[in-house]
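All chains are named by letter (A, B, ...) in the order of the sequence lines, taking the proteins before the strands, and each is independently numbered beginning at 1.
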Amino acid sequence: MQKKLNDFIPDEKGTVKNVNAEGKIRRRLFDMGVTPGAEITMRKTAPLGDPIEITLRGYELSLRKSEAETVVLEVTK
Amino acid sequence: MKFALAGNPNSGKTTLFNSLTGSTAHVGNWPGVTIDKRSGFYKKGGGNVEIIDLPGIYSLSPYTPEEVVSRNFLLDEKPDCIINIVDSTNLERNLYLTTQLLELDVPVVIALNMTDALKKEGGEIDAAELERLFGVPSVKISALVGDGLDLLMQRAVNAAKQKRAGRSVLDSGKCAGVINAIKELYIKDNISNPLFHAVKLVENDGIETAANAAFAAKAEELKKGVETGVFEGDFEGLIADARYRYISENLAAVQKKPAPRAVGFLTKSDKIDRVLTHKVWGIPIFLLIMLGVFHITFGENFLFLGGWLIPESFDSAIFGSGALNSPGVIIFNLMDAATSRLGEVVSSALPEGMWYTSMISDGLFGGVFAVLSFVPQILVLFLFLSILEDSGYMARVAFIMDRAFRRFGLSGKAFMPLVMCFGCAVPGIMATRTLENKEERQRAIFLTPFFSCGAKLPIWAAFAGVFAMYRGLNAELTVFSMYILGIVVAIVSAFLLKATIIKGETPPFIMELPSYRAPKPKNTIIHLWQKLKHYVIRAGTIIAAATVVIWFLSSFSFSFEWVGADGNPEGSILGLISKYVFRWVFYPLGFAMGENGWMFVVATLTGLIAKEVVVATMGVFAGMDGDEALETEGSELGGTALGGVIISVGGMLGGLNVAIPAMFAFMAFNLLSVPCMAAVAAARSELNDKKMLFKAIAFWIITAYAVSLVIFWVGTLYTLAFWAGFAVTAAIVAAIAGAVWHRLKKTERKG
């Protein structure tokens, strides 16, 4: 099943299929390791509901839901 | 020899730099940008190696100023060696930058930091295997303890003696053919670092394609033959992906991963995070921490012990009267006592009643000491902030606050600098450095004066005291209203700025949340020392000059006769200008209207230098020596310095024959206009753009004027004809605001 990263619930895992962001944000996501094939675990949302925190490549990354929306994953668990 | 130190943020780069260079470090700015440029010397082992600390970066993309600065340095300054520091506990992402650095024709040495922390988690890195994989020396170090640094430098010095040709992990990938063909073009043109340039060109890097349009066209042609799959012709993504792919494929050989975590297993960092970013408790805990920091820095009743301790048991001038002061206030008092003592000694040694005595004791010392007396509190504030930053909590603050700040064109990271401005605008402005985005930094700096700083508090306290004495207004409400007014103006201004003079998208928020770590005292001390040096130098130069100028204007008449002897600047240049020129400028605001109105104008004008001066100036006009009032009538008000000030202000207001709305307009103007010369100096160095600085100053003055105007007229006409007054005021304000924005926009378009 494919799903956008902003729709993930805590502890849900997935493998990145595609990144649809553009320009600077796209490059930033790639540089931080959000590339096709990367495994991502959703951790939590911030107290005010946005941004979210994820784990990938052994570290924690936070990004806004609007940015997470551009990341499409195959749900693995 | 010259070595560059490069690595990810949070990789321990600063610690390594401090350990290697010790006290020789020098901090400046990279040309054209306000990013710290730090360099120092490594002197062990007979050599004399200059080490340049590049900004912490994740990549060498063309998008952020830090990355561009680093890249330009590596290409233009041709360091003899790059020391690439790598966080062993986060190898995969850290090596991504390494793969880019390796493409330069510069010797590289990899410093594997935090291997001890990895070991604790049960992991291990095979440095020899990493060395074989990338073909460059790799040394395990602990930047914190100092382990392995000598070996690291020894290998770096040896590596620097040999030539190294760039190597790319993309050699075996889909793009290898294109990259090699483009590389040949660069070699033919005799351009150094051909491989690096070729890769960037294939990546479609904006800086590279602009510099070599002809090669870029050739690359476009060659790229047509490459199958890009999901990337649909995006080579930037394809190459980033290839780098990560290479790393993850080879990682297993280099690194023995920590034992796989059991389901639900939480690291120490996770456990801390579970509390600090908790859905419900996260924000209250954060507010409590902020409150604690401010209490320890500025609180006059430390830990609210006042009721328990017997005040007589300690020196009230230093430890506080009535209650024990917080550490920040105690060292503030100590500094204050020391500087006043010094001032007294010097002025008693000088002949009495001479103009130069006055220049030195009233002008120079008065101004510079007022600024220096803030040093202790700035230091305490920065001590806490640097602890919060080093521990990794600051990133969580940004995470928690981002949502609330986004609509104002700011990210969560802007919270810290702005909150600091409640203490002092100078450290607040200096802290905007942590904001990545230039527009966000500018917006934050524009908002700084609206957060009522510590130096403005005496003004509010004095007026609140007078209002309470003569009109029965609640003093705390008066003070509180100024803070609220500032916040409201800041919110409205943030919207206005985003829509008008500082446009630009809300900056993206893709940020690493580093693991929590215990802060390192050595780093903190070095950090504080550097901040302090910066501030003191400024106090000694710009502020000293400004205060002497003000002293001159308020002590001499137009015929250059000294009129300062009687302590009343009525006949001085400043007094006369205020009385006959500026009074009319401020006339519509109400407070300049009465017979003594010009005095408020003088106070306002001197307040542009420093807000501490406002109350002092009023004291002079009220014909009361501050100290005397303290001893006599002030004692009835609890014997506090504040008591003396209230008497002075009350005397000046002549038993309050002045309208309350006019006084609120006066306070509002002082709250919102140019905060002080120290803040202007800080803004100048952080904005690094003269035109922007002038815009900021104009913005502050115009905002202050417009808001004061509204307050005075709404307040005055409220009793007469509220709605008529409101309509007229609104029309005037709208017209002024419209004209001003139009103007500013026009000048912006021209620029």
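- Atom OH in Y96(B) sits 9.0 Å away from atom CZ in F30(A) (nearest 0.5 Å).
- In this structure, K438(B) places its NZ atom where only 12 or fewer heavy-atom neighbours from other residues, nucleotides or ligands lie under 6.0 Å away.
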inquiry  = Let's go through R28(A) and Y58(B) carefully: what are the C-alpha distance in whole Å and the side-chain angles of both, what is the deciding distance for side-chain contact (heavy atoms from CB on, under 4.5 Å) to 0.1 Å, and is it a yes or a no?
reply    = CA-CA 9 Å; R28(A) 183 89 172 151; Y58(B) 294 106; 3.9 Å; yes
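- Side-chain contact check for D402(B) versus D50(A): every heavy-atom pair is 4.5 Å or farther apart.
- A salt bridge does not link D273(B) with R43(A): none of the charged nitrogens is closer than 4.0 Å to a carboxylate oxygen.
- Taking each heavy atom of R403(B) and L48(A) in turn, the nearest pair found is NH1-O, 3.0 Å.
- Contact residues of residues 388-399 of chain B toward chain A are F399(B) (heavy-atom distance under 4.5 Å).
- More than 12 heavy atoms of other residues, nucleotides or ligands shown are found within 6.0 angstrom of CD on Q2(A).
- Of all residues in residues 62-72 of chain A, those placing a non-hydrogen atom less than 4.5 angstrom from a non-hydrogen atom of chain B are S62(A), L63(A), R64(A), E67(A).
- The distance from the CE atom of M32(A) to the OG atom of S59(B) is 10.0 Å, given to the nearest 0.5 Å.
- Geometrically, R57(A) engages Y244(B) in a cation-pi contact, judged by NZ or CZ lying under 6.0 Å from the ring centre and within 45° of the ring axis.
- More than 12 heavy atoms of other residues, nucleotides or ligands shown are found within 6.0 angstrom of CD on E74(A).
- Here the CG atom belonging to L513(B) is positioned 9.5 Å from the OH atom belonging to Y59(A), to the nearest 0.5 angstrom.
- At a threshold of 4.0 Å, the pair D234(B)-R26(A) counts as salt-bridged, since one of the basic side-chain nitrogens sits closer than that to a carboxylate oxygen.
- For E67(B), the part lying near chain A is the side chain, with the backbone staying farther off; criterion is any non-hydrogen pair under 4.5 Å.
- Residue P36(A) comes nearest to D241(B) through the heavy atom pair O-OD1, 3.3 Å, listed as atom of the first residue, atom of the second, then distance.
- The candidate with the highest count of non-hydrogen atom pairs below 4.5 Å against chain A, out of E512(B), E236(B), R406(B), is R406(B).
- Proximity to chain A (any heavy atom under 4.5 Å) is shown, for S269(B), by neither the backbone nor the side chain.
- Salt-bridge formation is detected for the pair E203(B)/R27(A): a Lys NZ or Arg NE/NH1/NH2 atom is positioned less than 4.0 Å from an Asp or Glu carboxylate oxygen.
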request  = Quick one: do D31(A) and R93(B) satisfy salt bridge (charged side-chain N to carboxylate O under 4.0 Å, His left out)? Show the steps, please.
outcome  = CA-CA 8 Å; D31(A) 282 345; R93(B) 201 206 56 226; over 6 Å; no
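- In this structure, no portion of L56(A) lies under 4.5 Å from any heavy atom of chain B.
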inquiry  = Determine whether K279(B) and T45(A) satisfy the following criterion, side-chain contact (heavy atoms from CB on, under 4.5 Å), listing intermediate values before the conclusion.
reply    = CA-CA 8 Å; K279(B) 257 204 141 50; T45(A) 45; 2.7 Å; yes
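- Heavy atoms from other residues, nucleotides or ligands lying under 6.0 Å from NZ of K4(A) number 12 at most.
- Inspection of the S61(B) and K24(A) side chains reveals no N or O donor paired with an N or O acceptor under 3.5 Å.
- Of the listed residues (N8(B), I247(B), I283(B)), the one with the most heavy-atom contacts under 4.5 Å to chain A is I283(B).
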